[in-house]
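Presented below is the structure to which this report refers.
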Amino acid sequence: MLLDDPHPAPDRAPDRAPAGAPPGPLVGRVLDWFDVHARDLPWRAPDRTPWGVLVSEVMLQQTPVVRVVPAWHAWMARWPEPVDLADASTADVLRAWDRLGYPRRALRLQACAQAVVDRHGGRVPGTEDELLALPGVGAYTAAAVVAFAFGGRSVVLDTNVRRVLARAVDGEALPSPTPTVAERARAEALVPQDPATAARWAAASMELGALVCTARSPRCEECPVLEACAWQRAGRPDDRHAARRRSQPWAGTDRQVRGRVMALLREALGPVPSEAVEAVWPQAGQLSRCVDGLIADGLLVRVPGAGPDEPVSYVLPD
DNA sequence: AAGTCGGGGTA
DNA sequence: TACCCAGACTT
């Protein structure tokens with residue numbers, strides 16, 4: 001809380017204000033900062049559509065903004081409405097997803113488009129419950145679409161917001177590895193009551209985490225709530241949860257093998273002989289397991305040889 | 001609650 | 001190198 005606030009805003013109630021009250025100083029200052037520093041991202045443009053917002057949110061699940069921007073433009077030019085993606089070839093969808101990573105997201109996004117067509121007449125629904133029922137849409141994405149596409153009130157709690165609140169409110173360097181119920185309740189209590197303001201708070205708090213209150217080297221000297229920050233007051237202590245944060249390995253993992261196989265298939269014009277697939281990884285057992293996994297995930301299809309002596313090959317699904 | 005799932009840019 | 005990125009889903 002803002003006990004040491006050197007710039008009191010007497011016309012504003014404290015944070016965690018009762019329903020109907022205007023935003024407190026923490027929220028108010030972040031909103032003012034956002035008015036000046038908001039990035040000009042394409043899915044925030046005045047002519048944005050709910051579909052464009054949904055596409056951006058799925059692409060942004062674990063992929064940085066700078067890599068999503070060009071992919072988003074190409075995607076929206078090719079499949080401007082859910083029905084367009086629903087009717088597309090899955091192979092084309094996976095190729096357009098390119099190297100955004102986690103290609104199962106591309107499958108889920110297409111399945112999501114098909115669900116939007118089947119259940120909602122081709123229009124992206126506007127309630128959190130309806131959104132949550134769609135493939136690839138979890139708690140964060142549903143809340144984000146409500147706020148950014150429809151201007152509704154929701155609790156948007158992504159990695160940025162979690163970090164901002166962990167520092168400013170809890171005085172901790174980083175949030176816990178997995179969100180807690182208490183953390184979510186605390187975030188909810190900060191969300192302004194007015195829907196339009198709540199939606200702006202969602203964007204503003206995320207933006208602060210992305211541009212100033214960053215994970216690695218926070219730019220505290222530029223922070224609009226520096227004087228209100230509990231982590232700053234506590235002397236910026238180290239991460240309490242560092243011991244339980246295990247880094248995700250990469251070299252030699254199934255994820256690397258799967259990535260190589262998918263890259264090969266994306267670039268291929270036609271079926272890829274099994275011999276060529278096996279050439280991307282030296283350990284036959286691991287490769288075989290990964291190919292089976294990709295098939296099980298619907299990312300790959302095995303094509304039998306034309307004759308008894310013809311080799312098996314692999315293609316992206318239709 | 002813990003594992004799985006890509007890929008690349010950065011300190 | 002290791003870490004981080006507008007998470008979702010399964011077990």
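A note on names: the letters A, B, ... follow the listed sequences, proteins ahead of strands, and every chain is numbered from 1.
- A/Pro177 comes within contact range of no nucleotide atom at all, as no heavy-atom separation falls under 4.0 Å.
- In this structure, A/Val68 reaches neither bases nor backbone, as no heavy-atom distance under 4.0 Å exists between it and the strands shown.
- At a threshold of 4.0 angstrom between heavy atoms, the contacts of A/Thr141 are confined to the sugar-phosphate backbone, with no base atom among them.
- Comparing the P positions of B/dA11 and C/dA6 gives an interatomic distance of 15 Å, to the nearest angstrom.
- If you check every strand for non-hydrogen atoms under 4.0 Å, A/Leu294 touches nothing.
- Checked against C/dA8, C/dA6, B/dG6, the side chain of A/Trp43 finds its nearest nucleotide in C/dA6.
- The side chain of A/Tyr140 lies closest to C/dG7, out of C/dC5, C/dG7, B/dG6.
- If you take CG of A/Leu157 and P of C/dC5, they are 14 Å apart, rounded to a whole angstrom.
- No hydrogens or angles were tested; on distance alone, nothing pairs the side chain of A/Arg67 with the base of B/dG9 as donor and acceptor under 3.5 Å.
- A/Thr63 comes within 4.0 angstrom of a nucleotide base, judged by non-hydrogen atoms across all strands.
- Among the heavy atoms of the strands lying under 4.0 Å from A/Arg266 are primed sugar atoms or P, OP1, OP2 only; no base atom is included.
- Contacts of A/Arg39 with the nucleic acid, taken as non-hydrogen atoms under 4.0 Å apart, include base atoms.
- Nearest to the side-chain atoms of A/Arg104 among the listed nucleotides C/dA6, B/dC5, B/dG7 stands B/dC5.
- With salt bridges taken as basic N to acidic carboxylate O contacts below 4.0 Å, one links A/Arg153 and A/Glu188.
- In this structure, the side chain of A/Gln110 engages the main chain of A/Leu85 through a donor-acceptor pair within 3.5 Å.
- Comparing A/Ser217 and A/Leu100, the nucleotide of DNA chain B nearest to each residue sits closer to the 5' end for A/Leu100.
- Following rounding to the nearest Å, A/Asp292 (CG) and B/dC5 (P) show an atom-to-atom distance of 13 Å.
- Remark on DNA chain C: of its neighbouring residues A/Tyr102 and A/Leu174, the 5'-side contact belongs to A/Leu174, judged by nearest-heavy-atom nucleotide.
- Looking only at atom types and distance, the side chain of A/Arg48 has no donor-acceptor partner in the side chain of A/Ser56 under 3.5 Å away.
- Rounded to whole Å, atom C1' of B/dT4 lies 16 Å from atom CD of A/Gln256.
- Look at CZ on A/Arg200: it is 19 Å from C1' on C/dA6, rounded to the nearest Å.
- Taking atom P in both B/dG8 and C/dA8, the straight-line distance is 23 Å, to the nearest Å.
- Residue contacts shown for A/Arg244 are absent, as no nucleic acid heavy atom lies under 4.0 Å away.
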**Request:** Check the pair A/Glu57 / A/Tyr140 against side chain to side chain donor-acceptor pair (under 3.5 Å), numbers first and verdict last.
**Result:** CA-CA 9 Å; A/Glu57 293 303 338; A/Tyr140 161 75; 2.6 Å; yes
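- Using a 4.0 Å heavy-atom distance criterion, A/Arg108 is classed as a sugar-phosphate-only contact.
- Here A/Ala144 lies out of heavy-atom contact (under 4.0 Å) with every strand.
- Ranked by how close their nearest DNA chain C nucleotide is to the 5' end, A/Leu134 and A/Ala215 are led by A/Ala215.
- In this pair, A/Trp75 and A/Trp79 present their aromatic rings perpendicular. The plane angle is above 60°, beyond the 30 to 60° band.
- At the heavy-atom level, A/Gly138 lies under 4.0 Å from the strands shown only through sugar-phosphate atoms.
- The distance between atom CG of A/Asp239 and atom P of C/dC3, rounded to the nearest whole Å, is 11 Å.
- Checked by atom type and distance alone, the side chain of A/Gln256 pairs as donor or acceptor with a backbone atom of A/Gly252 at under 3.5 Å.
- Atom name P, nucleotides B/dG6 and C/dT11: the rounded distance is 16 Å, in whole Å.
- A/Glu128 and A/Ser154 are not linked by any side-chain donor-acceptor pair at a separation below 3.5 angstrom, with hydrogens and angles left out of the test.
- Listed nucleotides: C/dA6, C/dC5, B/dC5. Nearest to the side chain of A/Arg163: C/dC5.
- For B/dG7, its base never sits under 3.5 Å from the side chain of A/Arg99 at any donor and acceptor pair.
- Within 4.0 Å of A/Ala139, counting heavy atoms only, lie sugar-phosphate atoms of the nucleic acid but no base atom.
- Between A/Arg105 atom CZ and C/dA8 atom P there is a gap of 11 Å when expressed in whole angstrom units.
- Looking at heavy-atom distances under 4.0 Å, A/Arg216 makes contact with a base.
- In this structure, A/Leu211 atom CG and C/dC4 atom P are separated by 18 Å, rounded to whole Å.
- Put simply, CE on A/Met262 is 14 Å from P on B/dG8, counting in whole angstrom units.
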